[in-house]
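Notes follow the structure.
For this chain, numbers begin at 1 and follow the sequence in order. A quick note: this is a predicted structure, and the numbers were derived from the prediction, not measured.
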Amino acid sequence: MQIENKNIIITGAGDGIGKEFVKILSPKNKLILLGRDIEKLYKLNKELNRNNYVLKCDISNEEDINLAYNAINNKFNKIDFLFNNAGISSAKQFDQYSAKEISEILNTNILGTILITKKFMNNLLQSKGCVVNIGSMFGDIAHPYYSIYSTSKFAIRGFSDSIRREYAHHGVKVFYAAPRATQTKALEKTNDIGKFFKMNIDTPDSIAKHIIKSIKKGRNSIYPKSIEKVFILIQKLFPKIIDNNLENISKNIYSKQYKK
């Protein structure tokens, strides 16, 4: 599959993996950049010397999605790709989350992703286009202290599988990518917990390149080329091994971070 001369929507385009998607795809495509911070998107356009279409859009807000949809349809006669990249990462003890924090994460990571996909599905049906959902290894192996984040990524994996099977005969392709830990500002905010897991960390550009390369090869489930694949297999076949390991880490986190 070639990704050239396409109209491509990228959510969360101002930072991290989304920003790297923009850098890779800009030269040969027309991009529509969505994000909460429109100044970041304008700055990125200027840095790349591109004229990509920029819209302020918080996907956790349905009104923002509707406004973006109307603006995009007024400017573009077709949409070929929707990259659902926007998301919130968080790590803390489950009972310390407020209802507002839980809602913010789930509304962005799950509801926003689903609603924007639904909004543009007719466009993608017409173009026989592609949906690319960015999940996480935490959507296969649930980690303690990442309860809400893991929940959201499990949901996106299920959503991706379901709509892939539902729309395949219409010619719409659905890809699910599950990066491991990524060196972003979001990761830095959760490092007080994340450091206990001694996670392997990839750069956003290496992840974006791997995902684009995998899409071109038609791989609808995209995982790192790393030891994490073995962990997923162990999770499926011998979950108790994963339980024991993560329970011990959880106990260590509690004793160091939370026990008073």
Side-chain angles (χ1 to χ4, degrees), residues 1-59 65 68 72 76 78-89 108-109 112-113 116-117 120 123-124 127 129-137 139 153 156-157 160 172-187 201-225:
M1 175 189 296
Q2 294 301 312
I3 310 180
E4 296 179 3
N5 300 315
K6 305 294 186 183
N7 294 336
I8 301 173
I9 299 171
I10 302 175
T11 69
D15 290 299
I17 299 171
K19 184 177 181 179
E20 298 304 320
F21 283 144
V22 175
K23 291 179 181 179
I24 295 168
L25 296 171
S26 278
K28 296 183 179 181
N29 300 281
K30 182 63 179 178
L31 305 190
I32 300 138
L33 313 185
L34 304 185
R36 293 178 176 179
D37 188 340
I38 197 167
E39 294 304 321
K40 281 186 179 180
L41 303 179
Y42 283 132
K43 182 180 178 182
L44 179 57
N45 253 353
K46 186 175 181 180
E47 289 173 358
L48 298 175
N49 194 26
R50 307 300 299 177
N51 189 32
N52 295 312
Y53 189 49
V54 168
L55 284 171
K56 184 179 186 300
C57 181
D58 176 355
I59 66 165
I65 293 175
I72 291 167
F76 295 88
K78 69 168 186 168
I79 297 298
D80 300 292
F81 276 82
L82 170 60
F83 278 73
N84 284 316
N85 171 75
I88 299 173
S89 180
T108 298
N109 294 8
T113 296
I116 197 167
T117 303
F120 284 97
N123 302 72
L124 296 167
S127 66
C130 301
V131 178
V132 183
N133 291 328
I134 307 304
S136 169
M137 290 295 297
K153 295 305 180 178
I156 293 305
R157 180 162 62 89
S160 302
V172 174
K173 296 178 175 62
V174 179
F175 298 88
Y176 173 76
R180 61 185 185 178
T182 310
Q183 188 58 62
T184 62
K185 292 178 181 177
L187 183 71
I201 300 173
D202 293 322
T203 60
D205 66 307
S206 67
I207 291 172
K209 288 175 182 175
H210 175 61
I211 291 171
I212 297 297
K213 184 177 180 181
S214 298
I215 291 170
K216 289 179 177 179
K217 290 183 177 180
R219 296 173 181 162
N220 54 35
S221 293
I222 304 167
Y223 286 83
K225 293 181 177 179

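Scanning both residues, L55 and I38, for their nearest heavy atoms gives C-CD1, 4.2 Å. Closest approach of T117 to L82, counting heavy atoms only: CA-CD2, 3.7 Å. Contact record, L25 with I3: CD2-CG2, 3.8 Å, taken as the closest heavy-atom pair. Looking at every heavy atom in both residues, Y176 comes nearest to S160 through CD1-OG, 3.6 Å. The minimum heavy-atom distance linking K153 with N109 is given by the pair CE-ND2, 4.3 Å. Residue I59 comes nearest to T108 through the heavy atom pair CD1-O, 3.5 Å, listed as atom of the first residue, atom of the second, then distance.
Rounded to the nearest 0.5 Å, atoms CG (L41) and SG (C57) are 10.5 Å apart. Between the NZ atom in K6 and the SG atom in C130 there is a gap of 7.5 Å [rounded to 0.5 Å]. A distance of 12.0 Å separates CD1 of I17 from CD1 of I10, quoted to the nearest 0.5 Å. Separating the OG1 atom in T11 from the CZ atom in R36 is a distance of 10.5 Å, to the nearest 0.5 Å. Between atom CG of residue D80 and atom NZ of residue K30 there is a gap of 13.5 Å, rounded to the nearest 0.5 Å. A distance of 8.5 Å separates NZ of K19 from NZ of K40, quoted to the nearest 0.5 Å.
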Identify every side-chain donor-acceptor pair in residues 202-215 under 3.5 Å, counting partners at least two apart or on other chains, and give the distances.
residue, atom, partner, partner atom, Å
D202, OD1, R180, NE, 3.2
D202, OD1, R180, NH2, 2.9
D202, OD2, R180, NE, 2.7
T203, OG1, D205, OD1, 2.6
T203, OG1, S206, N, 3.4
T203, OG1, S206, OG, 3.1
S206, OG, T203, N, 3.4
S206, OG, T203, O, 2.9
H210, NE2, Y223, O, 2.9
S214, OG, H210, O, 2.8

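Side-chain contact annotation: N133 with T113, donor-acceptor N/O pair under 3.5 Å absent.
Residues that satisfy the side chain to side chain donor-acceptor pair (under 3.5 Å) test with N123, not counting sequence neighbours, are N73. With sequence neighbours left out, F175 forms a ring-ring contact (aromatic ring centres under 6.0 Å, His included) with no residue at all.
The shortest side-chain heavy-atom distance between I8 and F21 does not fall under the 4.5 Å cut-off.
A donor-acceptor pair is defined here as one N or O able to donate and one able to accept, closer than 3.5 Å; such a pair exists between the side chain of S127 and the backbone of I79.
Just one of N45, L34, I32 meets the side-chain contact (heavy atoms from CB on, under 4.5 Å) condition when paired with Y53; it is I32.
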